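Okay, so here's the structure we're looking at.
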Amino acid sequence: VCFHVFASATHTRAEHSVGVCYLASRMLNSLTRSIADLHATWGGSVPLGCPAQSLPEPPDHIDRFCVLAAALGHDLGHGAFSHLFEHIVHEVVNKAEWSHEAMSVTMLDRALQERLQQAPRGGTEGELKEEDFRFIFECILGKDLHAMPATFQGEQCTTAAECREARRGRGRTKEYLYDIVSNVHSGLDVDKIDYLMRDPHVLGPSHAFKTRAQRLKDLCEHASVRWCREGTDCTQGRWGICWPETLKDAADLVFRHRF
């Protein structure tokens, strides 16, 4: 049906996944620059009055690989007819806990196991370690940590704070990395940015679309890491991804079109 209604669109998630990976790479570059600015401004130590115990650390090459792997594999678990397939599984097969994110993790875990049979998960320098694989899966799952494979079983969490505590792939100084592919805190991530840019483009670009697409891309190019307070207690928070106030209209655009 979609092919006949939207004949110029692409109806696979392959291009979308590559696009998410590209935008994740651009956002990683922006976050790296912002962390360098924080360290240069504050001299490498937390300023007086900031409740954080330490400044955020920039992503290393393993962090980048893990985030990009999550971006490429985040939609592997989609079945036929996309989200309609999830409805069928929930209602007909009666598996309410099933999600395409959890299936993506299962498929990616199996693929990685097969690929690394001759080079078992790590241990040696330069190889992915157990926490790196967990980190990849956590980036895909978002808050659904209870749906992880048995070898990576996490605690079931229902709030953003519980979700943060359940994550063990990366520590507090790199917690912002979780906001890139599946942002459970604000919902603003490269997954949504890509398809909101991609769908109108293939259906018929216009001048208005080109302007909007550039504003959405700016969300990746100008993302920064800042201390994000949680609740009314200023001592509680995390290092997360934020954007300048000048991009408020772009952020609003994501939520208007998404919800």
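Bear in mind that the values here come from a model prediction, so they are computed numbers and not experimental data.
- Interatomic distance, Trp243 CH2 to Lys248 NZ, rounded to the nearest 0.5 Å: 14.5 Å.
- Using a 4.5 Å cut-off on side-chain heavy atoms (C-beta onward), Leu28 and Leu68 make contact.
- Neither side chain, Thr32 nor Asn29, offers a donor N or O lying under 3.5 Å from an acceptor on the other.
- None of Leu219, Leu216, Ile193, Leu247 except one satisfies the side chain to side chain contact (heavy atoms under 4.5 Å, CB included) rule with Leu253; the exception is Leu216.
- Residues Arg172 and Pro56 form no side-chain contact, since every pair of their non-hydrogen atoms from C-beta on lies 4.5 Å or further apart.
- Between Gly240 and Asp179, the closest heavy-atom pair is CA-OD2, 3.6 Å.
- Grouping the Ile, Leu, Val, Met, Phe, Trp and Tyr side chains by contacts below 4.5 angstrom, directly or via other members, places Val18 apart from Met197.
- Side-chain contact between Leu141 and His74 is absent, with no heavy atoms from C-beta onward closer than 4.5 Å.
- Residues Leu196 and Val254 form a side-chain contact, since some pair of their non-hydrogen atoms from C-beta on lies under 4.5 Å apart.
- Side chain of Glu138 to main chain of Gly169: a donor-acceptor pair is present (N/O by atom type, distance under 3.5 Å, no hydrogens or angles).
- Aromatic ring pairs are classed by plane angle as parallel below 30°, tilted from 30° to 60° and perpendicular above 60°; the pair His16 and Tyr195 is tilted.
- If you take NE2 on His222 and OG on Ser30, they are separated by 7.5 Å, rounding to the nearest 0.5 Å.
- Residues Ile241 and Met27 meet the side-chain proximity criterion, which asks for heavy atoms closer than 4.5 Å.
- A donor-acceptor contact closer than 3.5 angstrom is absent between the side chains of Ser224 and Arg33.
- The NZ atom of Lys129 lies 11.5 Å from the SG atom of Cys66; values are rounded to the nearest 0.5 Å.
- Between Pro59 and Leu177 there is a side-chain heavy-atom pair separated by less than 4.5 Å.
- Considering CG of Asp109 and CZ of Arg134, their distance stands at 12.0 Å, rounded to 0.5 Å.
- Taking OH from Tyr176 and CZ from Arg170, the interatomic distance works out to 10.0 Å, rounded to the nearest 0.5 Å.
- The shortest side-chain heavy-atom distance between Asp189 and Val20 does not fall under the 4.5 Å cut-off.
- Side-chain atoms of Asp60 come within 3.5 Å of backbone atoms of Asp63 as a donor-acceptor pair (strictly under, hydrogens ignored).
- Between Tyr22 and Val190, every side-chain heavy-atom pair lies at or beyond the 4.5 Å cut-off.
- We find the CG-CH2 distance between Leu38 and Trp227 to be 12.5 Å, quoted to the nearest 0.5 Å.
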Going through the distances and angles, do Lys217 and Asp194 end up as a salt bridge (charged side-chain N to carboxylate O under 4.0 Å, His left out)? CA-CA 9 Å; Lys217 190 176 180 181; Asp194 178 80; over 6 Å; no
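- The backbone N or O of Leu188 sits less than 3.5 Å from a side-chain atom of Asn183, completing a donor-acceptor pair.
- Both Phe65 and Ile140 are assigned to one and the same hydrophobic cluster, defined by single-linkage of ILVMFWY side chains at heavy-atom distances under 4.5 Å.
- The backbone N or O of Glu57 sits nowhere less than 3.5 Å from a side-chain atom of Trp239 that would complete a donor-acceptor pair.
- A pairwise comparison of heavy atoms in Ala70 and Cys139 identifies CB-CB, 3.6 Å as the closest pair.
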